[in-house]
Protein chains: 2
Amino acid sequence: MPAADRGQATGPPTISEVAAEAGVGRATAARTLGGYGYVSPELRERVLAAAEKLGYRANALARSMSTGVSHTLGVIVADIGNPFFAGVMRGISDTSRARGFDTIVLSTYEDLSQEIAATNVLIDKRVDGVIIASAAVRRSEVAHIRAAMDRGIPVVLVDRAVASLDLDSVVIDNRDAARAAVEMLISAGHRRIGFIWGPPAAEAPATRRELLAEASRNLWTDGERLRGYLDALDDARIPFDPQLVMVGRKTEGRATQEVARMLALPDRITAVFCTETEAVTGALRALRAAGLSYPRDVALIGFDDSAWAAVMEPPLTMIEQPVHQLGAKAAEVLLDILDGAEPRREMHTLHSRLIVRSSVAAPALP
Amino acid sequence: MPAADRGQATGPPTISEVAAEAGVGRATAARTLGGYGYVSPELRERVLAAAEKLGYRANALARSMSTGVSHTLGVIVADIGNPFFAGVMRGISDTSRARGFDTIVLSTYEDLSQEIAATNVLIDKRVDGVIIASAAVRRSEVAHIRAAMDRGIPVVLVDRAVASLDLDSVVIDNRDAARAAVEMLISAGHRRIGFIWGPPAAEAPATRRELLAEASRNLWTDGERLRGYLDALDDARIPFDPQLVMVGRKTEGRATQEVARMLALPDRITAVFCTETEAVTGALRALRAAGLSYPRDVALIGFDDSAWAAVMEPPLTMIEQPVHQLGAKAAEVLLDILDGAEPRREMHTLHSRLIVRSSVAAPALP
DNA sequence: CTGTTAGCGCGTTCAT
DNA sequence: ATGAACGCGCTAACAG
């Protein structure tokens with residue numbers, strides 16, 4: 001039906017062309033097509049018919065230009081290839097679509113410069129609000145987020161809070177989740193528990209104090225999980241051993257190396273707690289390389305449940321995050337602000353769940 | 001530095017404000033900020049300083065309005081939560097960013113109505129080109145793609161070709177990949193090989209002819225993989241048994257059911273070939289439920305390699321797709337067209353790789 | 001009720 | 001070399 005003869009028309013049909021085709025003024029066409037104001041049923045029909053005939057679609061850019069709003073949310077995620085963020089993204093897009101908003105996603109791949117670039121793209125495209133599930137941000141590097149805020153663009157953070165920013169943020173109970181997992185390891189009898197992974201320090205901080213300082217300079221999520229680990233250790237009066245927490249670049253390969261190292265210690269680890277999926281697979285590789293198996297030789301608990309974790313033999317005990325809900329909540333908070341609600345500027349905490357399967361057993365007797 | 005006093009200014013600073021601040025005409029400001037035309041070094045400096053002072057950022061919408069181009073690619077993927085598509089997406093965004101294009105992604109979650117909506121969003125936002133890695137499209141339902149093409153928006157398909165469309169498409173050698181995998185199973189001695197999953201027919205087609213007809217009415221990728229399976233069977237003169245191909249909704253749960261069914265057959269399967277990750281985990285669940293293990297009781301090969309597949313015990317033999325390259329190539333083809341190259345309207349085929357690990361062994365003697 | 005008109009912010013002739 | 005003026009497609013305030 002589209003592609004009617006529009007004479008010398010070039011490009012997609014405009015509202016003026018529709019008006020001309022229908023023999024009415026631009027405004028009348030605009031009113032019926034825009035769904036506002038009043039138009040007589042008769043003219044209305046003519047306009048609709050003309051639009052249909054020409055295959056008219058409103059130019060969203062032009063509309064945004066004159067209204068000043070784009071009905072679009074910008075989303076910046078750390079890594080869209082990570083199932084965690086993909087799930088959050090789905091929550092965001094489901095609820096924003098339900099409320100009439102499109103969403104455009106940009107992935108930073110954990111790189112600050114890409115995060116800054118992404119922020120600028122969103123500012124330039126005049127999105128109405130921004131959700132950031134990235135914050136490669138080490139607390140101090142938040143100028144780009146400030147820039148968006150200064151322009152009056154509401155920003156909501158997901159997963160990774162940034163204390164210095166005073167924004168609404170939607171997160172999970174990272175500290176409690178980590179503590180619960182480590183407690184389970186402890187009550188199974190473990191005392192030598194590896195922590196994969198910690199902050200990206202160049203060298204392992206010698207003291208607990210330095211470690212925490214380093215952690216709080218970096219990714220919030222990681223710091224919280226580390227705190228949870230320490231909480232559990234403290235409660236059980238197990239002394240903190242800096243050799244048991246991995247620091248440095250967070251890659252699967254390094255996780256493997258570090259677990260191997262901890263396994264080779266004179267007083268080796270009998271359990272590992274992994275704060276991310278790649279840390280889990282890295283740890284698993286180390287176990288295999290060492291000829292060890294879980295839960296017999298080493299107990300294991302990790303973050304981010306998945307179908308794979310359930311089909312492993314034996315199946316893995318994992319922490320499940322409410323990914324969809326995390327995204328949905330963030331979108332709600334943001335859309336409410338766009339609807340005029342006063343920003344609460346607080347932390348919205350959702351709850352994770354420890355899914356107990358079979359990767360934890362008592363440590364083998366020495 | 002931004003947020004200088006702009007008097008009663010509301011909203012982000014415009015180019016006119018910058019011009020005023022610098023004490024020059026709008027055009028001069030536009031020229032220096034837009035990087036075209038000629039401007040004296042002196043005025044140039046003043047404009048730059050003013051822009052810096054006001055925190056000026058060009059309004060991409062306004063720019064697109066007057067130039068008619070957005071330097072933005074639209075991408076429609078079937079499911080951004082699927083690591084396969086996430087990888088493709090990364091390939092697309094890496095290469096388009098390198099060539100100065102932003103990309104906006106929309107996920108359809110395999111739903112045609114969402115795919116249509118997504119296409120419209122992209123048309124309305126006036127993206128310069130579209131990459132579709134979805135095509136929930138059952139060959140016949142391509143009106144929305146045609147609509148985009150009719151508007152002069154170049155479209156490139158990835159992963160899932162659509163024969164009726166005559167577009168450039170970037171795909172892998174699905175048929176050969178499947179054939180190679182099944183051949184490996186056959187040469188290990190298997191003759192009863194399950195195929196998970198086939199086309200979404202309501203009932204299992206009784207004949208091979210009907211099955212292929214059904215397949216070609218649906219997702220291209222699935223059809224090709226099925227053909228590869230049949231090719232291998234034919235070459236080995238193994239008769240086709242309709243009971244061994246799963247049809248219907250493609251979910252992990254159904255894969256589990258179907259593998260369980262095939263395992264319960266009088267002449268049960270001794271191997272499974274899975275065309276997707278969820279089919280693999282589904283199959284694995286069925287094996288466990290039946291108290292069977294691989295590769296001893298059942299051999300297994302699946303599509304889409306991942307870190308998990310490598311850490312399974314024993315590790316899984318899988319087909320690895322060049323995901324990043326798939327996306328990169330699609331972006332290249334599209335950007336070349338936008339640069340004026342004549343569309344080749346052909347199928348660009350990349351090669352997958354069978355990663356041999358340990359999930360295939362000879363069938364146990366009956 | 002409907003048509004005319006003036007912006008929205010930017011790119012781009014066209015004079016100066 | 002620079003500035004004034006117009007147009008991109010649409011919304012909205014204003015007459016009529």
Side-chain angles (χ1 to χ4, degrees), chain A residues 6 8-48 50-51 54-72 123-128 151-152, chain B residues 6 9-48 50-51 54-72 123-126 128 151-152:
Chain A
R6 294 187 292 128
Q8 258 316 308
T10 189
T14 72
I15 209 168
S16 308
E17 294 178 16
V18 173
E21 174 75 29
V24 303
R26 311 170 198 290
T28 302
R31 275 190 280 264
T32 89
L33 264 10
Y36 61 93
Y38 206 101
V39 179
S40 69
E42 184 192 9
L43 289 192
R44 184 184 167 66
E45 270 319 306
R46 292 206 339 240
V47 172
L48 257 21
L54 299 181
Y56 172 80
R57 298 227 98 230
N59 182 332
L61 267 45
R63 178 169 294 175
S64 299
M65 281 283 314
S66 63
T67 59
V69 298
S70 59
H71 282 278
T72 301
I123 290 176
D124 295 349
K125 287 202 188 299
R126 298 299 191 264
V127 296
D128 296 337
R151 286 179 135 61
Chain B
R6 294 187 291 127
T10 188
T14 72
I15 208 167
S16 307
E17 294 177 15
V18 173
E21 174 76 28
V24 302
R26 310 171 200 291
T28 303
R31 274 190 281 263
T32 88
L33 264 9
Y36 61 93
Y38 207 101
V39 178
S40 70
E42 185 193 8
L43 289 192
R44 181 183 170 67
E45 270 319 306
R46 287 196 357 230
V47 172
L48 257 21
L54 300 182
Y56 172 80
R57 299 227 98 231
N59 182 332
L61 267 46
R63 180 170 296 181
S64 298
M65 280 285 311
S66 64
T67 60
V69 297
S70 59
H71 282 280
T72 301
I123 290 177
D124 295 349
K125 287 201 187 301
R126 298 300 191 262
D128 295 338
R151 285 181 135 63

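Remember, it's a predicted structure, so these values are computed and weren't measured experimentally.
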Please report, to 0.1 Å, the donor-acceptor pairs under 3.5 Å made by any side chain of residues 24-45 of chain A, with sequence neighbours excluded.
from    : atom 1 : to      : atom 2 : distance (Å)
A/Arg26 : NH1    : A/Ser16 : OG     : 3.0
A/Ser40 : OG     : A/Leu43 : N      : 3.3

Find the distance A/Tyr36:OH to C/dT2:P and express it as a whole number of Å.
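After rounding, the reported distance stands at 13 Å.
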B/Leu33 CG to C/dT12 C1', straight-line distance once rounded to whole Å:
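Atom CG in B/Leu33 sits about 16 Å away from atom C1' in C/dT12.
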Near-strand residues of residues 56-65 of chain B, defined as heavy-atom separation under 4.0 angstrom from DNA chain C
B/Tyr56, B/Ala58, B/Asn59, B/Ala62, B/Arg63, B/Met65
Non-neighbouring partners of A/Arg63 that pass side chain to side chain contact (heavy atoms under 4.5 Å, CB included), sequence neighbours left out
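Only A/Ala58, A/Thr67 meet the side chain to side chain contact (heavy atoms under 4.5 Å, CB included) criterion with A/Arg63.
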Closest approach of A/Ala50 and A/Glu21, non-hydrogen atoms and distance?
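Where A/Ala50 meets A/Glu21 most closely, the heavy atoms are CB-CG, 3.5 Å.
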Of all heavy-atom pairs linking A/Leu61 and B/Lys125, the shortest is CD1-O, 3.3 Å
Please round to the nearest 0.5 Å and tell me the distance separating atom CZ of A/Arg151 and atom CD1 of A/Ile123.
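A/Arg151 CZ to A/Ile123 CD1: 5.5 Å, rounded to 0.5 Å.
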If I take atom CZ from residue A/Arg126 and atom CG from residue A/Asp124, how far apart are they, to the nearest 0.5 angstrom?
6.5 Å
When you measure from the side-chain N and O atoms of A/Tyr38 to the phosphate of C/dC1, is any distance below 4.0 Å, counting only OP1 and OP2?
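Affirmative; the distance criterion is met.
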Any side-chain N or O of B/Thr67 less than 4.0 Å from the OP1 or OP2 oxygen of D/dC8?
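Result: no.
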Atom pairs under 3.5 Å, N or O on each side, protein against nucleotides 3-6 of chain D: can you list them with distances?
from  : atom 1 : to      : atom 2 : distance (Å)
D/dG3 : OP2    : B/Gly25 : N      : 2.9
D/dG3 : OP2    : B/Thr28 : OG1    : 2.4
D/dG3 : N7     : B/Arg31 : NH2    : 2.8
D/dG3 : O6     : B/Arg31 : NH1    : 3.4

Evaluate B/Val47 against B/Val18 for side-chain contact (heavy atoms from CB on, under 4.5 Å), listing each step before the verdict.
CA-CA 7 Å; B/Val47 172; B/Val18 173; 4.1 Å; yes
In degrees, rounded to 10°, what is the bend between the two ends of the helix from C/dC1-D/dG16 to C/dT16-D/dA1, using five pairs at each?
50°
Would you kindly compare B/Arg126 and B/Glu42 by the position of their nearest DNA chain D nucleotide and give the one closer to the 5′ end?
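Result of the comparison: B/Glu42.
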Just to verify, what does A/Asp128 make a salt bridge (charged side-chain N to carboxylate O under 4.0 Å, His left out) with, not counting sequence neighbours?
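Testing A/Asp128 for salt bridge (charged side-chain N to carboxylate O under 4.0 Å, His left out), a comparison that skips the adjacent residues, returns none.
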